[in-house]
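One structure below.
Predicted model only: the values in this text are computed from it and were never measured.
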Amino acid sequence: MSNPPDATELLAIARATLLDKLLPQLPEASRYDALMIANAMAIAIREYAAGDAPAQAELARLRTLYTQREDTLAGEPLEDALTKLNRRLATDIRGGRFDGKERAVLLDHLEKSAADELAIANPKALKS
């Protein structure tokens with residue numbers, strides 16, 4: 001008995017069908033739209049595959065910056081904690097809090113956060 005495909009596999013099959021079978025038959029005026037749809041599907045595949053790992057890693061780094069205790073969060077509480085800490089971070093950056101010895105930790109966090117986002121939105125950009 002075979003297992004049915006999961007969401008990632010279904011999206012990959014649909015994307016391959018769009019690119020390999022439908023795109024060549026589309027008029028030139030519709031090709032860009034089809035490629036945008038295929039790109040959105042690829043992003044969704046990567047986002048689904050990553051799960052909440054990037055958000056968990058970002059939260060851990062922010063907690064390190066602010067020496068906060070660690071309790072496990074998921075779903076909406078995770079997103080709420082990230083929103084709150086990122087707002088605090090933006091305020092603190094504007095206020096100069098990280099202009100001293102904590103600057104290296106801040107820059108490491110920002111670099112890793114950007115890399116995590118690029119890994120989902122545009123992984124080719126990480127290779128250049």
Nearest 0.5 Å please: distance from the OG1 atom of T72 over to the CG atom of L78.
10.5 Å
Looking only at heavy atoms, which two atoms of R97 and L65 are closest? And how far apart?
NH2-O, 3.7 Å
Using the test side-chain contact (heavy atoms from CB on, under 4.5 Å), find all partners of A121 that sit at least two apart in sequence or belong to another chain.
none
Separation between CE of M41 and CD1 of I13, rounded to the nearest 0.5 Å:
10.0 Å
Establish whether L11 and I37 are linked, either directly or via other cluster members, by ILVMFWY side-chain heavy-atom contacts under 4.5 Å.
yes
Which atom of E9 lies closest to which atom of P4, heavy atoms considered:
OE1-O, 4.3 Å
Taking every non-hydrogen atom, the tightest pair across P54 and G51
CD-O, 3.7 Å
Side-chain contact, heavy-atom cut-off 4.5 Å: R103 with D99?
yes
Not counting sequence neighbours, which residues clear side-chain contact (heavy atoms from CB on, under 4.5 Å) with R87? List them please.
T83
For E47, which residues count as a side-chain contact (heavy atoms from CB on, under 4.5 Å) partner, sequence neighbours excluded?
I120
Quick check: closest heavy atoms across L118 and A125, and the distance to 0.1 Å?
CD2-CB, 4.0 Å
Taking all non-hydrogen atoms of both residues into account, name the closest pair between H109 and L62 and its distance.
NE2-CD2, 3.5 Å
Same cluster (ILVMFWY, side-chain, under 4.5 Å), L10 and L22:
no
Sequence neighbours excluded, every pair satisfying salt bridge (Lys or Arg N to Asp or Glu O under 4.0 Å) that has a member inside residues 30-44:
E28-R31
Below 4.5 Å, heavy atoms only, C-beta onward: do D80 and L73 meet side chain to side chain?
no
Mind checking side-chain contact (heavy atoms from CB on, under 4.5 Å) for Q68 and listing every partner two or more places apart, or none if nothing turns up?
R63, Y66, L85, R88
Does L110 share a hydrophobic cluster with L59, counting links as ILVMFWY side-chain heavy atoms below 4.5 Å and allowing steps through other members?
yes
If you take all heavy atoms of A55 and E79, which pair is closest and at what distance?
CB-OE2, 4.3 Å
Here the gap from N39 atom CG to R15 atom CZ, rounded to the nearest 0.5 Å, amounts to 7.0 Å
Would you call D108 and K112 a salt bridge, using N to O less than 4.0 angstrom?
yes
Are N86 and E58 side-chain neighbours, meaning at least one heavy-atom pair lies under 4.5 Å?
yes
Going by side-chain heavy atoms closer than 4.5 Å, which hydrophobic residues are tied to L35, directly or by a chain of links?
L19, L23, L26
